[in-house]
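A short worksheet on the structure shown next.
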Amino acid sequence: MTKHIFVTGGVVSSLGKGLTASSLGNLLKARGLRVTLQKLDPYLNVDPGTMNPFEHGEVFVTDDGGETDLDLGHYERFVDESLTQASNTTTGSVYSSVIAKERRGEYLGKTVQVIPHITDEIKERIANLASDDIDVVITEVGGTVGDIEILPFLEAIRQYRLDVGRQNVCYVHVTLVPYIGPAGEQKTKPTQHSVTELRSRGIQPDVIVCRSDREIPDPLRQKISNLCDVPIDGIVTAPDAPSLYEIPLRMHAGGLDSYVCEILGLETGDAELEPWKALVRRVEQAWKPLRIGIVGKYVSLPDAYLSVAEALRHAAFAHEVDLELDWIMSDHVEGMLVGEQLSHLDGVVLPGGFGERGIEGKIAAAGYTREHKIPCLGLCLGMQVMTIDFARNVMGLHGANSSEFNRSDVVSPHPVIDLMESQKQVEDKGGTMRLGAYVAVLKEGSQVAALYGQPVVQERHRHRYEFNPRYRSQVEAWGLSCSGVSPDGKLVEFIELPGHPFWVGTQAHPELKSRPNRPAPLFDGFISAALARAEALDPQRFDDARPATDSISISLD
């Protein structure tokens with residue numbers, strides 16, 4: 001029977017519940033178990049698709065077109081499994097489903113209540129992930145114990161243990177053990193209160209993961225064990241780590257996976273962690289300094305581009321690059337400021353987004369990288385602004401733009417980016433989004449075909465506007481290659497500029513499929529091009545940074 005692990009959090013938000021769930025999934029998979037993960041989010045939005053990136057961070061898109069919480073990105077990167085929209089449940093989606101069932105008469109006229117109808121709906125979504133192909137389902141409950149919004153979820157997971165049997169459920173609670181500087185002490189009281197709150201909801205944690213900025217000594221672990229009624233082996237210390245990819249190894253050293261397997265009666269072999277240890281060694285031994293700029297609209301909240309940043313790091317690991325990310329507001333790149341903002345960079349990424357604000361800055365950045373031979377990778381909107389720059393400044397199509405940015409008083413005479421004709425007939429613009437995985441056919445001999453190493457690829461999408469096919473022949477006549485198209489040839493999926501070291505754009509979001517041990521091909525090619533340019537322009541920078549061969553000594557045991 002499928003086993004279930006529920007991860008909750010206490011004291012404060014952003015403690016790392018998602019990374020704890022991801023790390024545990026990583027460790028259990030390393031033991032040979034088949035693992036999947038799920039996020040239960042307490043907000044009333046049906047999904048994060050309409051939420052401001054400043055509010056919620058990035059929207060992670062699954063192959064089947066689900067717009068989901070960014071923690072699903074962590075799950076996929078750590079367990080190397082593609083999840084589905086079934087792995088993200090929100091209060092909004094639960095209530096929408098229950099109300100729809102009530103309207104259809106499925107409750108036979110009964111009074112619809114939080115218990116049992118809402119909790120049953122939540123439990124059904126948890127159970128839907130359990131199958132003969134899955135050994136363990138890890139479910140993270142968003143929010144913090146004590147929040148009013150998560151009470152139905154806590155009640156649902158409390159009931160779930162009764163439904164499937166005590167031996168098939170493990171509760172993991174992530175909490176804070178703060179260090180009080182003036183007193184010079186770590187304090188357990190917040191953890192005690194958090195566990196008391198959880199127990200008041202009928203849930204006794206089996207494991208407590210103690211977050212802190214430093215190691216927690218054994219006497220303090222024993223105190224938490226005694227006061228929270230959890231065996232000492234179930235008190236796992238989780239201090240801050242230099243790299244998030246070290247977290248599974250630290251949790252393994254703390255015995256988390258061994259103890260969870262004991263609780264659930266899972267008989268497995270030892271965790272095969274050597275590939276992950278090799279990854280962490282590459283992270284720690286990276287030495288080649290490289291400066292990459294991310295020119296975006298939401299850079300004041302880096303979580304808005306979380307998968308982009310991680311994909312860059314994955315590619316950097318593969319090339320021994322010590323990556324420095326320069327977060328640049330696209331509003332600050334317009335006019336004469338573009339050179340000041342970009343000239344010191346080894347490469348530039350133009351990420352996705354929606355809306356007109358900051359667009360001229362992104363177009364200027366695309367033009368600057370094109371003219372100065374700086375490697376540039378455009379993602380979704382990034383590809384679109386590269387097309388606009390080329391149309392305006394190479395082809396001479398003055399006023400070229402995306403019809404997304406048309407105003408009542410200004411309509412572009414050259415909408416090189418536009419809605420497809422079929423989309424223009426849809427009144428509900430939310431219905432015109434292209435979401436999820438789509439296939440592209442790559443041009444033989446192109447740069448992107450060489451990077452992918454295959455003629456047909458599949459990447460995830462999240463956008464509404466497209467490269468306008470009416471301009472394709474003109475654009476290609478001026479030298480910009482449409483190097484990847486949809487199987488029917490109607491949609492442009494990739495562009496590149498022959499003769500440029502790396503000026504590549506894609507309508508997709510390849511960052512969503514990047515893995516720590518397997519970087520996305522476009523990001524790998526981008527970092528390689530940026531590294532080659534930096535070495536050619538300033539080889540002394542790398543000579544100065546090169547470590548002595550006997551100076552590297554890393555132990556991960």
Side-chain angles (χ1 to χ4, degrees), residues 288-300 302 304-316 319 321-353 358-390 392-394 447-448 451 480 494-497 499-511 514 519-538 541:
K288 299 175 184 176
L290 207 61
R291 297 181 293 263
I292 300 297
I294 299 179
V295 180
K297 299 164 62 168
Y298 319 114
V299 296
S300 58
Y305 302 113
L306 180 60
S307 290
V308 173
E310 290 308 311
L312 286 168
R313 292 187 180 105
H314 300 164
H319 292 275
V321 164
D322 183 12
L323 189 65
E324 177 187 344
L325 292 180
D326 195 349
W327 299 91
I328 302 169
M329 281 288 291
S330 54
D331 309 66
H332 299 166
V333 188
E334 299 182 19
M336 301 298 292
L337 296 175
V338 61
E340 178 183 327
Q341 293 285 340
L342 305 184
S343 60
H344 67 290
L345 299 173
D346 301 309
V348 171
V349 175
L350 302 173
I359 285 299
E360 291 302 321
K362 297 190 85 164
I363 295 170
Y368 188 87
T369 58
R370 175 179 51 77
E371 294 170 355
H372 291 82
K373 304 292 186 180
I374 298 174
C376 180
L377 174 59
L379 308 169
C380 196
L381 180 63
M383 185 203 87
Q384 295 175 7
V385 299
M386 293 168 80
T387 303
I388 293 168
D389 161 67
F390 192 86
R392 287 182 186 178
N393 301 312
V394 177
Q447 194 171 10
V448 294
L451 290 172
L480 186 65
F494 295 86
I495 63 169
E496 61 185 62
L497 186 60
H500 192 286
F502 193 97
W503 207 72
V504 176
T506 174
Q507 189 60 77
H509 289 275
E511 68 271 18
S514 183
L522 290 192
F523 283 83
D524 188 65
F526 169 72
I527 289 293
S528 179
L531 189 59
R533 179 179 184 274
E535 288 178 319
L537 292 179
D538 185 13
R541 189 206 312 180

Taking all atoms of both residues into account, what is the closest heavy-atom pair of [X] and [Y], and its distance?
X	Y	answer
V333	V338	O-CB, 3.3 Å
A365	L350	CB-CD2, 4.0 Å
P510	L522	CG-CD1, 4.2 Å
F502	G525	CE1-C, 3.6 Å
Y368	S343	OH-CB, 3.3 Å
G293	I328	CA-CD1, 4.4 Å

Drop me the distance from [X]'s [atom1] to [Y]'s [atom2], to the nearest 0.5 angstrom.
X	Y	atom1	atom2	result
I294	S330	CD1	OG	12.5 Å
L379	E511	CG	CD	5.0 Å
L345	R533	CG	CZ	9.0 Å
L537	D346	CG	CG	8.0 Å
L290	D322	CG	CG	9.5 Å
I495	Q447	CD1	CD	11.5 Å

Item checked: Side-chain donor-acceptor contact under 3.5 Å, D524 with H314 -> no
Checklist line | Evaluation steps, side chain to side chain contact (heavy atoms under 4.5 Å, CB included), between I292 and V348 | finding: CA-CA 6 Å; I292 300 297; V348 171; over 6 Å; no
Check: Going through the checks in order, is the side chain to side chain contact (heavy atoms under 4.5 Å, CB included) test met by V321 and R313?
Finding: CA-CA 8 Å; V321 164; R313 292 187 180 105; over 6 Å; no
Item checked: E324 side-chain N/O to P289 backbone N/O, donor-acceptor pair under 3.5 Å -> no
Check: Any donor-acceptor pair under 3.5 Å linking the side chain of T387 with the backbone of M383?
Finding: yes
Notebook entry, point to check: Do the rings of W503 and H500 sit parallel, tilted or perpendicular, given the 30° and 60° boundaries?
Noted result: tilted
Item checked: Test side chain to side chain contact (heavy atoms under 4.5 Å, CB included) applied to R541 and R291, K288, E535, the passing residue -> R291
Next item on the list: Apply salt bridge (Lys or Arg N to Asp or Glu O under 4.0 Å) to the pair K297 and E360, showing each step before the final yes or no.
Entry: CA-CA 11 Å; K297 299 164 62 168; E360 291 302 321; over 6 Å; no
Next item on the list: Using the side chain to side chain contact (heavy atoms under 4.5 Å, CB included) rule, take C380 and Q507 through it: C-alpha gap first, then chi angles, then the decisive distance, then the call.
Entry: CA-CA 4 Å; C380 196; Q507 189 60 77; 3.5 Å; yes
Next item on the list: Please tell me if the side chains of F523 and S514 come closer than 4.5 Å, counting only heavy atoms from C-beta onward.
Entry: no
Check: Which is it for R370 and M386 under the side chain to side chain contact (heavy atoms under 4.5 Å, CB included) test, yes or no, and what are the steps along the way?
Finding: CA-CA 9 Å; R370 175 179 51 77; M386 293 168 80; over 6 Å; no
